[in-house]
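Quick note: numbers below take in every heavy atom, side chains included, and nothing from hydrogens, waters or symmetry partners. Throughout, protein chains are lettered first and strands after them, A, B, ... in sequence-line order, and every chain is numbered starting at 1.
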Number of protein chains: 2
Amino acid sequence: MTQRISVRDVADAAGVAIGSVSRVLNQSGYASESLRKRVMDAVQKLGYEPDFTARHLRTGHSRTIGYLLANIANPSLAAHLSEVERLTQAAGYSLLVGSSERQARDRELVAFFENRRLEGIIASPSFEYPDPADCPFANSKLPVVICDRAMGHDFDSVLIEHAKGLRRAMDYLLSLGHRRIALFVSSANLRPGREKLIGYQAALASAGIAYDERLIYMPNSWIESSGESMAEMLKLDEPPTAIIALGTRMLSGAIHVAREAGLDIPRDLSVIGIGIMSTLELMYPPLTVLRYNYEASAQLTVQLMLDRIAGDSPPGVRKLQVEWDLVIGRSCAVAAR
Amino acid sequence: MTQRISVRDVADAAGVAIGSVSRVLNQSGYASESLRKRVMDAVQKLGYEPDFTARHLRTGHSRTIGYLLANIANPSLAAHLSEVERLTQAAGYSLLVGSSERQARDRELVAFFENRRLEGIIASPSFEYPDPADCPFANSKLPVVICDRAMGHDFDSVLIEHAKGLRRAMDYLLSLGHRRIALFVSSANLRPGREKLIGYQAALASAGIAYDERLIYMPNSWIESSGESMAEMLKLDEPPTAIIALGTRMLSGAIHVAREAGLDIPRDLSVIGIGIMSTLELMYPPLTVLRYNYEASAQLTVQLMLDRIAGDSPPGVRKLQVEWDLVIGRSCAVAAR
DNA sequence: TTGTATGCGTTATCAT
DNA sequence: ATGATAACGCATACAA
């Protein structure tokens, strides 16, 4: 059983006091050249490394950030998490991940993060807690950065400009002459879905086209099938000539049904996908994509968090915005009629 | 500034000794009913929760597992990570994630995990360290579970049966009359690529078909393009009539080129994708998929780790295997000729 | 049965 | 400039 080496061992080996070792290693206080050298030699020889946990207990700095998200398997969230991990790692922080799809679990995880004295929480929870008194994040003493949620309480946030993005995608389709455009996005329970609908409606309004909710698919649960909904839409007197859909599940469900019905893309149906490129590349013809800029999103997220931890955030909360890129493929065509 | 409450506060409030509080909470040693009640009341009243870090320092149990992987953004790895997180969470463990694509970083992360006194390491590193003396994981005192890598040193491992899976996919294509089958998989540097090639070759051999390396694409880096390689293959005297390709990037690159060349799937080219369903659903016609069973993989991984932590692993290392599912879609057809 | 005291490995605050 | 020592918050061996 190889014993763990501590400051004590180093101090003994160097023939100095325990406190001196600490002072040399942390460059705090005075240390003569000779002492410094003796300590460093001993450290080198013994391969000493200060214990993180003990240091944490003493200083209160865990150098760890908690990342709470609904589901790691979601490719967009995973892409964001991946970038955040890279950036925090580079800044000397570790990431403790916790997935939660229930309010009770949100609460548990926040309590857990606090109990572990993490230094901050990055979260894109699956509920927006309209009542701040009831919000696990609002009641936390830890710095919190919220990703793409409109919480009841004001947090440092990174907000994706879904409305603008959808406006952009819609304007593109409208410019191709489409007037019946289906929308397949996530539930209105959360900001991403809500904002997308707003952008969609705004585009319609400014083009003078009536909003028809029969062209909208915004399921509250994942159980419902986007395919069935697409089938319904195709039965309408005036079926959609274009669709905008969140990738990959909703998009694929809808598209399959359309193709089974004999529709050609883009001749009979123009398609815009929403998400990250890597998971949408399988589409043929190459998909026109409203691309989620997860790199920018992660970068801003980490920036907000590190600023907050360092204490040099400006007063009040900051809300940063992230734009969408519209990547033109070959899945959209001029409307037939 | 709200002060943190400690055992001391609870002891004071309950009018008992500090040690008694601990004993009651950990159910260790004796405690009379009246004492237990007084302590529990005080705990309740103050909302006391034992500090994780202090407990960790004292007991040596961090209840945290490190998860080292190449890239969180890889959908298959993310799916596995997601399941592992769910299962470890349920068992009372947290997950500290670290991504690494370099040997030096592997080493750093292992050292880091050890320094933090994590209780184990789950890893699917991007290098297999043929020399155990040089392997960061082999030199670690922590329990290690390796996922789908053939390391130079023997570890508890979960191994995906790529060879069997490929054999299965190949036999399917061969039964449809294909004799020129292209293979697009990851580098032979790692087990997944190597084993797949072995299965591929075995199937050819038993069918009495000569191996033609011009039909193989196994890039060592991600810079090369699968599309260009596909273009080369299509120029051969006897071009492939079927391909098996890792999703999503390799697969999409190859397929796009084929389609641009006017080939119809499955009429002119049969296709089998490898990966998880959710990212492959965008294919049309519905893809025949060699499905990675990440649920089983994660379940076995966590099992191995928890057993090892609990100390009730059988002597020696355990190597568990995971099968592939071949999910039949409509992307394969009888060979034209 | 309960209280006291020591140690986990640090860092920080004192004296010296 | 350096050494001794307390404290972080807890668990535990030992004394009472």
Side-chain angles (χ1 to χ4, degrees), chain A residues 1-43 46-64 112 114-119, chain B residues 1-43 46-64 111-112 114-119 141:
Chain A
M1 193 61 202
T2 161
Q3 199 63 14
R4 192 178 176 80
I5 47 184
S6 75
V7 270
R8 191 153 246 112
D9 304 315
V10 176
D12 289 353
V16 302
I18 171 176
S20 301
V21 176
S22 181
R23 240 178 299 117
V24 168
L25 263 55
N26 297 302
Q27 325 216 28
S28 63
Y30 301 95
S32 74
E33 206 38 61
S34 78
L35 182 115
R36 158 168 276 106
K37 173 150 178 44
R38 279 198 298 166
V39 168
M40 291 313 270
D41 285 352
V43 165
L46 299 179
Y48 168 72
E49 229 174 321
D51 184 89
F52 212 101
T53 308
R55 169 178 285 175
H56 168 23
L57 180 63
R58 179 62 229 236
T59 63
H61 298 309
S62 65
R63 292 238 151 220
T64 306
F112 186 69
E114 284 179 340
N115 185 251
R116 288 217 161 186
R117 307 255 193 119
L118 301 198
E119 303 204 32
Chain B
M1 195 61 203
T2 158
Q3 198 63 13
R4 192 178 176 77
I5 46 181
S6 74
V7 270
R8 192 154 246 108
D9 303 314
V10 177
D12 288 354
V16 302
I18 172 176
S20 300
V21 175
S22 182
R23 241 177 299 119
V24 168
L25 262 56
N26 297 302
Q27 325 215 28
S28 64
Y30 301 93
S32 74
E33 206 39 60
S34 78
L35 181 117
R36 156 169 278 107
K37 172 148 179 48
R38 278 197 298 167
V39 168
M40 292 312 271
D41 285 353
V43 165
L46 300 179
Y48 168 72
E49 231 174 320
D51 183 88
F52 211 101
T53 309
R55 168 178 285 177
H56 168 22
L57 181 63
R58 178 65 229 240
T59 63
H61 298 310
S62 64
R63 291 241 150 217
T64 306
F112 186 69
E114 283 179 341
N115 185 253
R116 288 216 161 188
R117 309 256 190 115
L118 301 199
E119 303 205 31
K141 319 133 195 66

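Under 4.0 angstrom from either OP1 or OP2 of D:dG9 there lies at least one side-chain N or O belonging to A:Arg117.
Across residues 20-32 of chain A, A:Ser22, A:Asn26 each have a non-hydrogen atom less than 4.0 Å from an atom of DNA chain C (numbered order).
Within the nucleic acid shown, A:Arg36 has no heavy atom closer than 4.0 Å to any nucleic acid atom. Across all strands shown, A:Glu49 has heavy atoms under 4.0 Å from sugar-phosphate atoms exclusively, and none from any base. In this structure, A:Tyr48 reaches the sugar-phosphate backbone alone: every heavy-atom distance under 4.0 Å involves primed, P, OP1 or OP2 atoms, never a base.
In this structure, A:Arg8 places its CZ atom 13 Å from C1' of D:dG3, rounding to the nearest Å. B:Ile5 places its CD1 atom 14 Å from the C1' atom of D:dC10, with the value rounded to the nearest Å. The distance between atom CG of B:Leu57 and atom P of D:dA7, rounded to the nearest whole Å, is 17 Å. We find that CG of A:Asp9 is positioned 9 Å from P of C:dG9, with the value rounded to whole Å. If you measure from atom NE2 of B:His56 to atom P of C:dG9, you get 11 Å, rounded to the nearest angstrom. Rounding to whole angstrom units, NE2 of residue B:His61 and P of D:dC10 are separated by 17 Å. In this entry the distance linking CG of B:Leu35 with P of C:dG3 reads 6 Å, nearest Å. A:Arg116 places its CZ atom 15 Å from the C1' atom of D:dG9, with the value rounded to the nearest Å.
Side-chain contact between B:Met40 and B:Leu25: present, with at least one pair of heavy atoms (C-beta onward) separated by less than 4.5 Å. B:Arg55 places a side-chain heavy atom less than 4.5 Å from the side chain of B:Asn26. Side-chain contact between A:Arg63 and B:Arg116 is present, with at least one heavy-atom pair separated by less than 4.5 Å. By the 4.5 Å heavy-atom criterion applied to side chains, B:Thr64 and B:His56 are not counted as neighbours. For the pair A:Ser20/A:Leu35, a side-chain contact is recorded, criterion being any heavy-atom separation below 4.5 Å from C-beta on. Side-chain contact between B:Ile5 and B:Val10: absent, with no pair of heavy atoms (C-beta onward) separated by less than 4.5 Å.
When the nearest nucleotides of DNA chain D are assigned to B:Gly19 and B:Thr53 by heavy-atom distance, the more 5′-ward of the two goes with B:Thr53.
Of all nucleotides listed (C:dT10, D:dC10, C:dG3), C:dT10 comes nearest to the side chain of A:Arg55. Ranking D:dT5, C:dG3, C:dG9 by closeness to the A:Ile18 side chain, first place goes to D:dT5.
For a distance-only test at 3.5 Å, the side chain of A:Arg58 fails to qualify as a donor-acceptor partner of the base of C:dA12.
For A:Lys37 and A:Asp41, the salt-bridge test passes: some basic side-chain N is under 4.0 Å from an acidic carboxylate O.
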